[in-house]
Amino acid sequence: MRLLGVGMCAAALAVGLLAAPAHAQDGTGEQELRGAGWALKETGKDARFRGLAAVSRSTAWVAGSKGTVLRTVDGGRSWRDVSPPGAVAEGLELRDIEAFDARRAVALSIGEGEASRVLRTEDGGATWTETFRNPDPRAFYDCLTFFDSRHGLAMSDPVDGRFRILSTDDGGRNWSVLPSTGMPDALPGEAGFAASGQCLVSAGPRDVWLATGGGAAGRVLHSSDRGRTWRAAASGIPAGDPAKGVFALAFRDRRTGLAVGGDYRTGEASPRAAAVSADAGRTWRPASVPPPGYRSGAAWLPHLRTAALAVGPTGTDVTTDGGRTWRPLAPGSFDTVTCAGDGGCWAAGEKGRVGRLERP
């Protein structure tokens, strides 16, 4: 499901973060760290970056509008434009990117029919290979995820009444559509949101979750066999409108997950915009204190059991109790956020806006 957005200027920003240091003994995130926060990294571009891959504190990839892909290997001090020439020429909307390291990455462009494509690089973006072009005008791919450097999935909005799943077992070189027999029926009007590259996420070698909206309920679908069979659960995040539902998921492990979303239309209220699961997404509990508005991206902070971030057009929020309560962290627009295993957290959004979490 395509999302439309409005731009706003990105100004240099550093904001305070209340979160636990990585060495906190209890690992809960309850202990506060003063003076940390987002610092914007100048990209020199005005594309909207909804695709983001954090490899480490030093290396990250962003992908967005106008076929734009950028890569940094020095913590955001400089960015190399590694955009696929064909994607630029056609103005493709690159809404998701998954990177294995500084050289290997897989990007997804969205849209109906042939606009949905997968591109792959093995040389840091110097060259790209198109490895999938959607032949079905009824399909619209939204997100992709990888379990490891070989096995990955991409998801499309429903075709013939069911979400469609694309699979690779060779790092994105080749793709095939999985049988739909294990996928439950979609609700009328139900679809995914290509908002942050987080409508399809994985944890561990086989578990994957899919976020939905637009139908009567915002749902989360879970598969424990790499996308062959699925079970749907209501998230508690309101839907019932094409602009409302679950926009992003984040799983700390195969059991503990967050869901965020709301209504992406400017000025519309987004009550109950977050939920948490402790049983692999079988059941969801609404946050007792949710973010104050629509949120399109979420990420767990590494090395902390219960700390996470959520981002959206009106600001960033933080939880230190596993998603039960959220508090505002900072104003400023971001569409997506993700953290690497070494503790490097990045966020990206409109008008070329990219930030990295900085600690004193």
Side-chain angles (χ1 to χ4, degrees), residues 52-54 96-100 106 108 141-156 162-172 175-184 186 190 192-193 196-213 218-237 245-261 274-285 297-310 322-323 336-341:
L52 169 64
D96 200 354
I97 188 166
E98 302 290 326
F100 309 118
V106 179
L108 173 74
Y141 285 85
D142 296 293
C143 292
L144 64 101
T145 190
F146 275 83
F147 303 94
D148 51 45
S149 62
R150 293 183 58 82
H151 301 92
L153 301 176
M155 58 80 67
S156 164
R162 292 180 176 179
F163 286 93
R164 175 170 287 181
I165 303 298
L166 195 66
S167 175
T168 180
D169 61 6
D170 58 8
W175 297 84
S176 60
V177 175
L178 293 181
S180 64
T181 52
M183 176 69 70
E190 191 174 28
F193 291 105
S196 60
Q198 295 177 323
C199 60
L200 185 72
V201 302
S202 56
R206 304 188 68 83
D207 287 273
V208 60
W209 296 264
L210 189 161
T212 83
R219 300 198 298 174
V220 177
L221 281 64
H222 172 231
S223 170
S224 59
D225 56 9
R226 289 187 184 157
R228 297 191 177 276
T229 60
W230 298 79
R231 175 183 294 182
S235 69
I237 295 177
V246 184
F247 281 72
L249 300 168
F251 271 78
R252 190 188 69 210
D253 50 46
R254 69 176 306 270
R255 296 190 62 81
T256 311
L258 301 170
V260 299
V276 61
S277 176
D279 57 7
R282 292 183 181 86
T283 61
W284 292 85
R285 184 174 68 253
W300 292 95
L301 286 162
H303 315 303
L304 303 173
R305 288 203 309 271
T306 57
L309 301 171
T336 186
V337 59
T338 189
C339 297

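Computed from heavy atoms alone, side chains included, the values below leave out hydrogens, waters and symmetry copies. Each residue takes its place number in the sequence, starting with 1.
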Side-chain donor/acceptor of [X] to backbone N/O of [Y], under 3.5 Å:
X: T338; Y: A54; answer: no
X: Q198; Y: A298; answer: yes
X: R254; Y: A203; answer: no
X: D169; Y: H151; answer: no
X: S235; Y: G218; answer: yes
X: R226; Y: P205; answer: yes
X: S196; Y: T336; answer: no

Side chain to side chain donor-acceptor pair (under 3.5 Å) partners of S180, counting only residues at least two apart:
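Per chain and number, S180 pairs via side chain to side chain donor-acceptor pair (under 3.5 Å) with no residue.
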Using the test side chain to side chain donor-acceptor pair (under 3.5 Å), find all partners of D170 that sit at least two apart in sequence or belong to another chain.
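Result, side chain to side chain donor-acceptor pair (under 3.5 Å) vs D170: T168, N174.
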Indicate yes or no: at least one non-hydrogen side-chain atom of [X] is less than 4.5 angstrom from one of [Y].
X: T145; Y: V208; result: yes
X: M155; Y: R164; result: no
X: T256; Y: S277; result: no
X: W230; Y: I165; result: yes
X: F163; Y: E190; result: yes
X: L200; Y: L153; result: yes
X: D207; Y: D253; result: no

Is the positively charged end of R206 above the ring of F147, judged by distance under 6.0 angstrom from the centroid and angle within 45° of the axis?
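So R206 doesn't make the cation-pi contact.
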Shortest non-hydrogen contact from A259 to V246?
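Residues A259 and V246, closest heavy atoms: CB-CG1, 3.9 Å.
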Please report the shortest heavy-atom distance between G261 and I237, naming the atom on each side.
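So the minimum-distance heavy-atom pair works out to N-CD1, 4.2 Å.
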Gap separating the CG atom of D96 from the SG atom of C199, nearest 0.5 angstrom
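Rounded to the nearest 0.5 Å, the CG-SG separation comes out at 7.5 Å.
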Kindly compute the distance separating CD (E98) from OG (S149), expressed to the nearest 0.5 Å.
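E98 CD to S149 OG: 13.0 Å, rounded to 0.5 Å.
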Name all residues meeting the side-chain contact (heavy atoms from CB on, under 4.5 Å) criterion together with T229; count only those two or more places apart in sequence or in a different chain, and write none if there are none.
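Once residues adjacent in sequence are excluded, the partners of T229 under the side-chain contact (heavy atoms from CB on, under 4.5 Å) criterion are D225.
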Pairing residues for A99 by the side-chain contact (heavy atoms from CB on, under 4.5 Å) criterion, not counting sequence neighbours
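Checked A99 against side-chain contact (heavy atoms from CB on, under 4.5 Å); matches are A53, V55, W61, A105.
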Applying side-chain contact (heavy atoms from CB on, under 4.5 Å), run through D142 and F193 and close with a yes or a no.
CA-CA 6 Å; D142 296 293; F193 291 105; over 6 Å; no
Do S176 and S167 have a side chain donor and acceptor closer than 3.5 Å?
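Their side chains do not contain a donor-acceptor pair, so the 3.5 Å distance test is not met.
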Which residue is it: W209, W284, F251? I am looking for the one with a ring-ring contact (aromatic ring centres under 6.0 Å, His included) to H222.
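Output: one option passes, namely W209.
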For F146, give me all partners under ring pair (Phe, Tyr, Trp, His ring centres under 6.0 Å), at least two apart in sequence or on another chain.
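Checked F146 against ring pair (Phe, Tyr, Trp, His ring centres under 6.0 Å); matches are F100.
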Residues forming a salt bridge (charged side-chain N to carboxylate O under 4.0 Å, His left out) with R252, sequence neighbours excluded:
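R252 satisfies salt bridge (charged side-chain N to carboxylate O under 4.0 Å, His left out) with no other residue.
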